[in-house]
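Working notes for the structure below.
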Amino acid sequence: MESKVFGQVLFNYGFDRQDNLIFWNKVYNINISAAAYFEKDGISKNQEDSFLKYKGSEMQYISKAEQLLIDYIRMQVGAQGSLQSICAQYTPRTLRFDRNGQCVILIDDSKDPDGGLAVLLFPD
């Protein structure tokens, strides 16, 4: 399906497409997802508005996510958690736009494959 805001998307428990994200100065191939239970639900106006908001200040939101993740990990493991070890353990996988307009980055944790983290970008 072609979305005027998201571009070409495929439905798979949400409207998804692939894109690149620069996180910690490294390029990751991630999934951009507009959440939906059914294909007939389409992409909501809130999701479109959120995507445009994100794209308008993408670098600021990415910087916010990087800092929140670093702060969280250092709280969990203490000051000894180096940026290099954090980068090696955590990988951004999905930028998700929920139907209410909420935007989160879903991050895999190599030490906890069944877990992971979600970093809320907005609303604050």
Side-chain angles (χ1 to χ4, degrees):
M1 169 181 125
E2 184 70 28
S3 163
K4 66 181 178 183
V5 174
F6 282 83
Q8 186 65 39
V9 294
L10 296 174
F11 183 78
N12 183 24
Y13 299 104
F15 294 92
D16 301 333
R17 72 178 180 89
Q18 297 297 303
D19 205 347
N20 289 327
L21 174 77
I22 299 172
F23 204 80
W24 290 316
N25 297 317
K26 184 176 175 184
V27 177
Y28 293 92
N29 185 271
I30 65 162
N31 188 45
I32 306 289
S33 182
Y37 288 109
F38 304 103
E39 189 170 7
K40 67 181 173 81
D41 294 338
I43 296 173
S44 75
K45 174 90 167 88
N46 287 338
Q47 288 169 310
E48 291 177 339
D49 291 346
S50 287
F51 183 75
L52 293 172
K53 178 180 177 178
Y54 168 81
K55 290 305 274 184
S57 300
E58 184 171 14
M59 294 313 301
Q60 290 172 330
Y61 287 118
I62 295 304
S63 293
K64 174 185 176 181
E66 291 169 339
Q67 192 58 53
L68 286 170
L69 185 58
I70 289 167
D71 292 347
Y72 173 78
I73 300 308
R74 289 201 170 138
M75 264 183 10
Q76 298 301 309
V77 299
Q80 75 272 14
S82 72
L83 182 57
Q84 184 177 3
S85 67
I86 292 170
C87 293
Q89 183 175 345
Y90 297 94
T91 305
R93 292 290 181 210
T94 301
L95 180 63
R96 180 182 165 107
F97 296 89
D98 288 330
R99 300 209 50 87
N100 64 1
Q102 179 175 281
C103 176
V104 297
I105 295 179
L106 302 177
I107 299 173
D108 283 353
D109 179 348
S110 65
K111 294 184 179 177
D112 183 8
D114 293 330
L117 299 171
V119 178
L120 177 66
L121 299 182
F122 56 84
D124 292 331

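Counting begins at 1 with the first residue of the sequence. What you see below is based on every heavy atom in this structure, not just the backbone, and it leaves out hydrogens, waters and symmetry mates. Since the structure is predicted, the reported quantities are computational estimates derived from the model, not experimental observations.
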message: Under 3.5 Å, is there a donor on one side chain and an acceptor on the other for N31 and Q18?
response: yes
- prompt: Any side-chain heavy atom of F15 within less than 4.5 Å of one from E39?
  reply: yes
- prompt: Between R99 and D41, what is the shortest heavy-atom contact and its length?
  reply: NH2-O, 3.3 Å
- prompt: Looking at side-chain heavy atoms only, is the closest gap between L117 and D109 below 4.5 Å?
  reply: no
message: Check for me, please, whether V104 and I107 land in the same ILVMFWY cluster - side-chain distances under 4.5 Å, paths through other members count.
response: no
task: Show the numbers, then the answer: is there a side-chain contact (heavy atoms from CB on, under 4.5 Å) between D112 and D114?
output: CA-CA 6 Å; D112 183 8; D114 293 330; 4.2 Å; yes
query: Are any non-hydrogen side-chain atoms of I43 and F51 less than 4.5 angstrom apart?
result: no
- line: Closest heavy-atom pair, I30 versus T94, reported as atoms and distance to 0.1 Å, is CB-N, 4.4 Å
- request: Look only at the side chain of N100 and the backbone of Q102, and say whether a donor-acceptor pair between them is shorter than 3.5 Å.
  value: yes
message: Does any part of the side chain of L121, heavy atoms only, come nearer than 4.5 Å to the side chain of L95, both counted from C-beta?
response: yes
- request: Could you tell me the separation between the CZ atom of R93 and the CG atom of N29, rounded to the nearest 0.5 Å?
  value: 9.0 Å
task: For the pair K55 and E58, find out whether any cationic side-chain nitrogen is under 4.0 Å from an anionic carboxylate oxygen.
output: yes
- prompt: Atom OG of S3 and atom CD of Q47: how far apart are they, to the nearest 0.5 Å?
  reply: 9.5 Å
query: Looking at F122 and G101, what are the two nearest heavy atoms and their distance?
result: CE1-O, 3.6 Å
message: Using only atom types and a distance under 3.5 Å, with no angle test, would you say the side chain of R17 pairs donor to acceptor with the backbone of F6?
response: yes
Hphob cluster co-occupancy, L120 + I70, side-chain heavy atoms under 4.5 angstrom: no
Flag side-chain contact, heavy atom, 4.5 Å: L69 against W24: yes
Parallel, tilted or perpendicular: rings of Y54 and F97 (30°, 60°): perpendicular
I22 side chain near I62 side chain, heavy-atom distance below 4.5 Å: no
task: Calculate, to the nearest 0.5 Å, the distance between atoms CG and CD belonging to L52 and E48 respectively.
output: 7.5 Å
message: Using the rule that Ile, Leu, Val, Met, Phe, Trp and Tyr join whenever any side-chain heavy atoms are under 4.5 Å apart, tell me whether L10 and M1 fall into a single cluster.
response: no
query: Do you know which two heavy atoms are closest between K111 and P113, and how far apart they sit?
result: C-CD, 3.7 Å
field: Atom of D16, atom of A34 and distance for their closest heavy-atom approach
entry: OD1-N, 4.4 Å
message: A quick test of your reading: do over 12 heavy atoms of other residues, nucleotides or ligands sit less than 6.0 Å from OH of Y13?
response: no
- prompt: Going by heavy atoms in the side chains, are V9 and I32 under 4.5 Å from each other?
  reply: no
query: Between D49 and K53, does at least one N-O distance fall below 4.0 Å, as a salt bridge requires?
result: no
- prompt: Do other residues, nucleotides or ligands put more than 12 heavy atoms under 6.0 Å from the CG atom of N25?
  reply: no
- prompt: What's the shortest heavy-atom distance between A36 and G42, and which atoms?
  reply: CB-O, 4.1 Å
query: Can you check whether Y72 reaches V119 side chain to side chain, under 4.5 Å on heavy atoms?
result: no
